[in-house]
Amino acid sequence: MGSVVLPTLRRKREVDAAIRDTLDKVLVLRFGRASDAACLQLDDVLAKSSWDISKFATVALVDMDSEEIQVYVDYFDITLVPATIFFFNAHHMKMDSGTPDHTKWIGSFSSKQDFIDVVEAVFRGAMKGKLIVSCPLPPERIPRFQLLFKDV
């Protein structure tokens with residue numbers, strides 16, 4: 001459902017333009033594959049939430065299978081999908097959710113309200129000039145993964 005409602009970016013140029021041109025709003029980029037069940041579940045949450053957050057956020061899907069997008073996949077070290085990355089005025093917004101990786105949200109959100117709460121926290125933090133914000137969700141609703149960092 002989500003991929004029908006939300007724009008899908010397949011080229012580096014499109015992702016660059018989205019990051020650069022989204023001003024005074026949070027840009028939510030979901031990196032994943034349309035064929036992945038977890039991505040489809042997250043896409044459903046994103047699509048259902050997009051109208052509710054439209055005043056302070058924009059959501060777009062990024063197709064990881066596209067060859068041009070591999071630059072971003074490598075840069076953000078995306079190995080698990082779906083991975084959601086937040087930007088505000090072309091600045092990468094990070095979130096301390098109690099996981100080792102603050103650069104992205106790995107996995108899906110439990111509910112529409114969880115996603116809205118996270119985006120709202122990112123927006124409020126960004127408006128205060130912060131580049132890293134605390135996750136507003138309780139620890140039991142934050143997906144946990146064992147992360148193995150390359151070349152560390």
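Note that these values count all heavy atoms, side chains included, but never hydrogens, waters or copies made by symmetry. Owing to the predicted nature of the structure, the values given are computational and were not obtained by experimental measurement.
Evaluated for a side chain to side chain contact (heavy atoms under 4.5 Å, CB included) with Pro82, the options Arg33, Gln41, Arg30 yield exactly one hit, Arg30. The residue from Val81, Leu61, Ile85 that alone fulfils the side chain to side chain contact (heavy atoms under 4.5 Å, CB included) condition with Phe31 is Ile85.
Note on Met64 and Val28: separate hydrophobic clusters, where clusters join Ile, Leu, Val, Met, Phe, Trp and Tyr whose side-chain heavy atoms are under 4.5 Å apart, directly or indirectly. Residues Val26 and Ile19 are members of separate hydrophobic clusters, defined by side-chain heavy-atom contacts under 4.5 angstrom among Ile, Leu, Val, Met, Phe, Trp and Tyr.
With rounding to the nearest 0.5 angstrom, the OG1 atom of Thr22 is 10.5 Å from the CZ atom of Phe88. Atoms CZ and OG, from Phe115 and Ser110 in turn, are 13.5 Å apart once rounded to the nearest 0.5 Å. Rounded to the nearest 0.5 Å, atoms CZ (Arg20) and CG (Leu23) are 10.0 Å apart. Between the CG atom of Leu29 and the CD1 atom of Ile78 there is a distance of 9.0 Å, given to the nearest 0.5 Å. In this structure, Asn89 CG and Leu27 CG are separated by 10.5 Å, a value rounded to the nearest 0.5 Å. Note that CG of Leu80 is 10.5 Å distant from CG of Asp36, once rounded to the nearest 0.5 Å.
Judged as a salt bridge (charged side-chain N to carboxylate O under 4.0 Å, His left out), the pairs with a partner in residues 121-136 (not counting sequence neighbours) are, in order, Glu120-Arg124. Under the ring pair (Phe, Tyr, Trp, His ring centres under 6.0 Å) criterion, the residue pairs touching residues 50-69 are Phe56-Phe123, with sequence neighbours excluded.
Val118 has its side chain within reach of Phe86: a pair of non-hydrogen atoms, C-beta onward, lies under 4.5 Å apart. Under the 4.5 Å side-chain criterion, counting only non-hydrogen atoms from C-beta, Ile142 is in contact with Trp105. Using a 4.5 Å heavy-atom cutoff, the side chains of Tyr72 and Val62 are not in contact. Here the side chains of Arg13 and Val15 are not in contact, with every heavy-atom distance at 4.5 Å or above. When side chains are defined from C-beta on, Val122 counts as touching Met95, because their heavy atoms get closer than 4.5 Å. Looking only at side-chain heavy atoms (C-beta outward), Leu131 and Lys94 stay at 4.5 Å or farther from each other. Using a 4.5 Å heavy-atom threshold, the side chains of Ile106 and Thr84 count as separate. For the pair Ile53 and Val59, the minimum side-chain heavy-atom distance is below 4.5 Å.
Minimum heavy-atom separation, Ser54 to Lys25: O-NZ, 2.8 Å. Residue Leu6 comes nearest to Ala47 through the heavy atom pair CD1-N, 3.8 Å, listed as atom of the first residue, atom of the second, then distance. Across all their heavy atoms, Asp117 and Pro136 have their closest contact at O-CG, 3.5 Å. The nearest pair of heavy atoms linking Gly107 to Leu42 is O-CD2, 3.9 Å. A pairwise comparison of heavy atoms in Leu9 and Ala18 identifies CD1-CB, 4.1 Å as the closest pair. Residues His102 and Ser97 come closest through the heavy atom pair ND1-N, 4.3 Å.
Although no hydrogens or angles enter the test, the distance criterion places no donor-acceptor pair under 3.5 Å between the side chain of Asp44 and the main chain of Leu46. The backbone N or O of Lys12 lies less than 3.5 Å from a partner atom in the side chain of Glu68, making a donor-acceptor pair. Side chain of Gln70 to main chain of Glu67: no donor-acceptor pair is present (N/O by atom type, distance under 3.5 Å, no hydrogens or angles).
Here Ile132 sits alone; no ILVMFWY side chain lies under 4.5 Å from its own, so it joins no hydrophobic cluster.
Applying the ring pair (Phe, Tyr, Trp, His ring centres under 6.0 Å) test to His92 and every residue at least two apart in sequence or in another chain returns Phe76, Phe87. In this structure Ser111 satisfies the side chain to side chain contact (heavy atoms under 4.5 Å, CB included) test together with Gln113, Asp114, sequence neighbours excluded. Asp63 is linked by a side chain to side chain donor-acceptor pair (under 3.5 Å) to nothing, counting only residues two or more places apart in sequence or in another chain.
With 3.5 Å as the limit, one finds no donor-acceptor pair spanning the side chains of Thr99 and Asp101.
Look at Lys104 and Asp77 and you find no salt bridge, because none of the NZ, NE, NH1 or NH2 atoms lies under 4.0 Å from a carboxylate O.
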